Structures are given as structure tokens and as C-alpha cells.
A.B. asks: 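My structure is below; once you've seen it, I'll send some questions.
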Protein chains: 2
Amino acid sequence: MNDNATPRWDDQLRANGYRVTPQRHLVFQAVAELHHGTPEEIYGHVHSQVEGVNLSTVYRTLEVLENVGLITHTHIEHGSPTYHEVQSQGHVHLVCRQCKAVNALAAEQVRPFVEALQQDPGFTVDLGHLAIHGMCAGCSETSGVAVAIRKDHTDE
Amino acid sequence: MNDNATPRWDDQLRANGYRVTPQRHLVFQAVAELHHGTPEEIYGHVHSQVEGVNLSTVYRTLEVLENVGLITHTHIEHGSPTYHEVQSQGHVHLVCRQCKAVNALAAEQVRPFVEALQQDPGFTVDLGHLAIHGMCAGCSETSGVAVAIRKDHTDE
DNA sequence: CTGACTGCAAAAGGTTTGCAAAAAG
DNA sequence: CTTTTTGCAAACCTTTTGCAGTCAG
């Protein structure tokens, strides 16, 4: 489904008229290494290696990297969006509301569903953006109960 | 639809030890009427009917209503979460990245997928939280092809 | 050399919090 | 009457923006 298997990250930038800078390299690396992280986390990661990269630069860079198609973002929590490398085209996020763990789900397992939506409402799903909330296997066992309304521990 | 003006919304509150106040009634009504809205929108809706309800009260009330199980929220856009009544538990949001339209998808169409996840990774999906991003039928036609990388400001 | 990119600092949203007054039960 | 809830305003946090200097091409 993809002609250019893995184009160099910097070519992706140049191809779109953007310049390649050390800051952009650092931010992209951070996103790739963290697997998924908020702007702040990414900023932290970058800072832990080199100093001198500004927070606003991180924000601007994330935007650029996303425009170029190197990364995407999803909304996992309230405040901040979560960015992740786009490499694994079709992977979906499974977010556990209990332990907050975020696991990836192979595109394979989602395909039938995606195709069904393509058919019926004619909706084209953007897998990179898909974050499914719920409870993971581990937590389901631990907490026993399931669909009950919980009044303690709000958040999420 | 509802011959019974107030099904049990206030009982839900009392049952959990919360007090029933006009502000809470207004906020709950607003959420129900708007179908889905951000805190601000809800605040606006409430204000358009009565004045004297503070924004912070709206925030606190949304939290309470969610704790009690009357409403839920999803993350549709960057900034603010979107709240909606919990009545239609099993409906999923289809968010078009082009026209920003938000359509509901019946639980029926999602069930096979949900059950599949229950089986394999043992993940219990929380339907109320599910927001699927992509492109709706209408926009798919209009904009022609899709998967191309867009470098012009595409927000979200 | 030129225009895109960065850093800095200040602005802008959106959400939360402390407190005293008002209201619910 | 007691305890929760509200309004108000200030505090907070996260994200955005204007500018001038710097750097990639």
C-alpha cells in the first residue's frame, strides 16, 4: 500500500520545502523513541539529551513533522495530545482507563471494522488518530466488576 | 420521546449523595439539548436561557454529572473535551477531519469489532469514549483523492 | 546572500482553586 | 442547622505569537 517504503525522515522535510535542522532531528527522534508522548514529554526527552531547544520550537516542530506526514497525534487524555511516529501505518491505540497503559493493535485486527465503515456510512477511518478507551485484560481481572458506574476516581 | 419530563436525572444525583440544584439541572439540560458540546458551548447554551451561572460552576457540574453517570466526554478536538448525555450509551462518534461534522454510529455496527477486541487482546471497549476520526462520505467525494500529504495548514 | 527557523518573552486560551456567601436537605 | 454548592477572582497550565537574531541551503 505504500510505494516508498521508508523514506528518509529528512527527505520528507526537504521534499515539502522545509529545512532540516538539528532541532527537528531531535524532536523527531524523541517522538520515535518515546513511542508516544505529549509535547511536554517530548520536550523533556529532547532536553535530557541536549539543552537549548525551546518549548515553542517543539510545538512548532511537531506541527511541521505532522504536516510532512512523519508523525501524527491522538487525544488520549484531557489536556495534551499524544504524538507518535507514523511508521507503523495502521496501528490503533488501546488506552486502559484503569492503568493508563497504551497498547498498539495491529491494523489486521481492525481491518474488517474499517472496511465495514467504508461500506456503510462511507466513512474513511484515519487509523493513526484512533484511540480506543476501555479496560485492558489485566485490569478487568483485577478490578473484577466491569460496566458499573464508578463514582470514585474520575479523571481519565 | 420523553413523556416523563425528568426521567430520573435528579435521582441519580441524590443517590450518590449530591444535591440537586437549578444550576445542575440547567447544565444537564444543555448537554442533552446540544447533543455534544464543549464546556464553553455548554456554558453558552446555559447562559442563553438564564444568567447567573458561572463558568467554573459549569466545569464543576460537568464533573459531577459525569461521576454520577449521567454524561460522558470524548476528545474530539485539540483543546476541549466534548460532553454528551449517556442515554445513548452505545453510540460512536464519527468525526470528519474535513467538515468537522460529528455523526453517530449505532452500536450495532460496532458490536462485531468490540466483541473481537474482547476476545483477542481481552480489551473491553468503552463505547461512550470512542471517537473515530477520518473523512465522511461527502467530503471524500468533494476532495477527490485523499491519502496525499497536505502541507497547507490542516489543523487538528 | 536570503528566507526559513529558533529563542525569548509576553499573550492567549482553557481549566482549576480558595473563600465567603447562599442554598439544599 | 449543617454541609454542599455557587460566584468571583486570581492562579495555573498549556499552546500560540511577534520579533529580531541565526542558520540552512
Side-chain angles (χ1 to χ4, degrees), chain A residues 8-28 30 37-47 50-68 70-71 73-83 151 154-156, chain B residues 6 9-28 30 37-47 50-68 70-71 73-83 151-156:
Chain A
R8 297 268 302 157
W9 76 275
D10 46 327
D11 287 335
Q12 283 275 59
L13 281 176
R14 274 187 275 262
N16 286 280
Y18 289 107
R19 293 184 176 175
V20 177
T21 70
Q23 286 89 337
R24 286 176 177 171
H25 191 174
L26 285 165
V27 171
F28 178 58
T38 63
E40 265 180 72
E41 295 171 332
I42 293 167
Y43 173 63
H45 191 81
V46 170
H47 242 231
V50 190
E51 70 165 73
V53 179
N54 198 272
L55 216 203
S56 55
T57 299
V58 170
Y59 275 98
R60 284 189 279 223
T61 300
L62 287 173
E63 202 183 320
V64 169
L65 294 178
E66 187 164 24
N67 280 344
V68 176
L70 284 170
I71 65 177
H73 76 271
T74 319
H75 300 288
I76 290 182
E77 300 183 45
H78 253 159
S80 312
T82 300
Y83 287 85
K151 70 161 293 194
T154 321
D155 166 31
E156 185 282 347
Chain B
T6 45
W9 78 273
D10 47 328
D11 288 335
Q12 284 274 58
L13 281 175
R14 274 186 276 262
N16 286 279
Y18 288 106
R19 290 183 179 177
V20 177
T21 69
Q23 285 89 337
R24 286 176 178 170
H25 192 172
L26 285 165
V27 170
F28 178 58
T38 63
E40 268 179 69
E41 294 171 334
I42 293 165
Y43 173 64
H45 191 81
V46 170
H47 242 231
V50 189
E51 69 166 71
V53 178
N54 198 271
L55 216 202
S56 56
T57 299
V58 171
Y59 276 98
R60 285 188 280 224
T61 301
L62 287 174
E63 204 182 317
V64 170
L65 293 179
E66 188 164 25
N67 281 344
V68 176
L70 283 170
I71 65 177
H73 75 270
T74 319
H75 300 287
I76 290 182
E77 300 183 43
H78 253 160
S80 313
T82 300
Y83 287 85
K151 70 161 298 193
D152 53 281
H153 180 63
T154 355
D155 174 20
E156 201 282 346

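Bear in mind that the values here come from a model prediction, so they are computed numbers and not experimental data. Order of the sequence lines sets the chain letters (A, B, ...), proteins ahead of strands, with each chain counted from 1.
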A.B. asks: CD of Glu41(A) versus P of dC13(D): gap in Å, rounded?
C.D. replies: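 Answer to the nearest Å: 16 Å.
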
A.B. asks: In whole angstrom, give the distance that lies between atom NE2 of His25(B) and atom P of dT6(D).
C.D. replies: 14 Å

A.B. asks: Can you check whether Asn54(A) has a side-chain N or O nearer than 4.0 Å to OP1 or OP2 of dC8(C)?
C.D. replies: yes

A.B. asks: Please check: side-chain N/O of Arg24(A) versus main-chain N/O of Arg19(A), any donor-acceptor pairing under 3.5 Å?
C.D. replies: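 Yes: the side chain of Arg24(A) pairs with the backbone of Arg19(A).
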
A.B. asks: Report the distance from atom CG of Leu55(B) to atom P of dA9(D), rounded to the nearest whole Å.
C.D. replies: 13 Å

A.B. asks: Return the value, rounded to whole Å, for the distance between atom CG of Leu13(B) and atom C1' of dT4(D).
C.D. replies: 12 Å

A.B. asks: Classify the ring geometry of Phe28(B) against Trp9(B): parallel below 30°, tilted from 30° to 60°, perpendicular beyond 60°.
C.D. replies: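 Phe28(B) and Trp9(B): parallel rings.
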
A.B. asks: Is the shortest side-chain N/O distance from Gln23(A) to OP1 or OP2 of dC23(D) below 4.0 Å?
C.D. replies: no

A.B. asks: Among dG7(C), dT16(C), dT6(C), which nucleotide sits nearest the side chain of Ser56(B)?
C.D. replies: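 Closest nucleotide among those given: dT16(C).
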
A.B. asks: Is a side-chain N or O of Thr57(B) found less than 3.5 angstrom from the main chain of Val53(B), in a donor-acceptor match?
C.D. replies: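 Not a single qualifying donor-acceptor pair exists.
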
A.B. asks: Is it true that a side-chain atom of Glu41(A) and a backbone atom of Thr38(A) form a donor plus acceptor pair closer than 3.5 Å?
C.D. replies: yes

A.B. asks: Under 4.5 Å between any side-chain heavy atoms of Thr74(B) and Tyr83(B), yes or no?
C.D. replies: no

A.B. asks: dG13(C) P sits how many Å from Tyr43(B) OH, rounded?
C.D. replies: 16 Å

A.B. asks: Rounded to the nearest angstrom, tell me the gap between atom CD1 in Ile42(A) and atom P in dT14(D).
C.D. replies: 14 Å

A.B. asks: What integer distance in Å separates Asn67(B):CG from dT4(D):P?
C.D. replies: 15 Å

A.B. asks: Can you tell me how far CG of Leu65(B) sits from CG of Asn16(B), rounded to the nearest 0.5 angstrom?
C.D. replies: 11.0 Å

A.B. asks: Do the ring planes of His75(A) and His75(B) sit parallel (below 30°), tilted (30 to 60°) or perpendicular (above 60°)?
C.D. replies: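 Tilted, since the angle between the ring planes falls between 30° and 60°.
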
A.B. asks: Could you run down the sub-3.5 Å N/O contacts of the protein with nucleotides 19-25 of chain C?
C.D. replies:
unit_1: dA24(C); atom_1: N3; unit_2: Arg19(B); atom_2: NH1; d: 2.7
unit_1: dG25(C); atom_1: OP1; unit_2: Val20(B); atom_2: N; d: 3.3

A.B. asks: Measure from OH on Tyr83(A) to C1' on dT14(D) and round the result to the nearest Å.
C.D. replies: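 Distance check: Tyr83(A) OH to dT14(D) C1' gives 12 Å.
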
A.B. asks: In terms of side-chain heavy atoms of Glu40(A), which of dT14(D), dG14(C), dC5(C) is nearest?
C.D. replies: dT14(D)

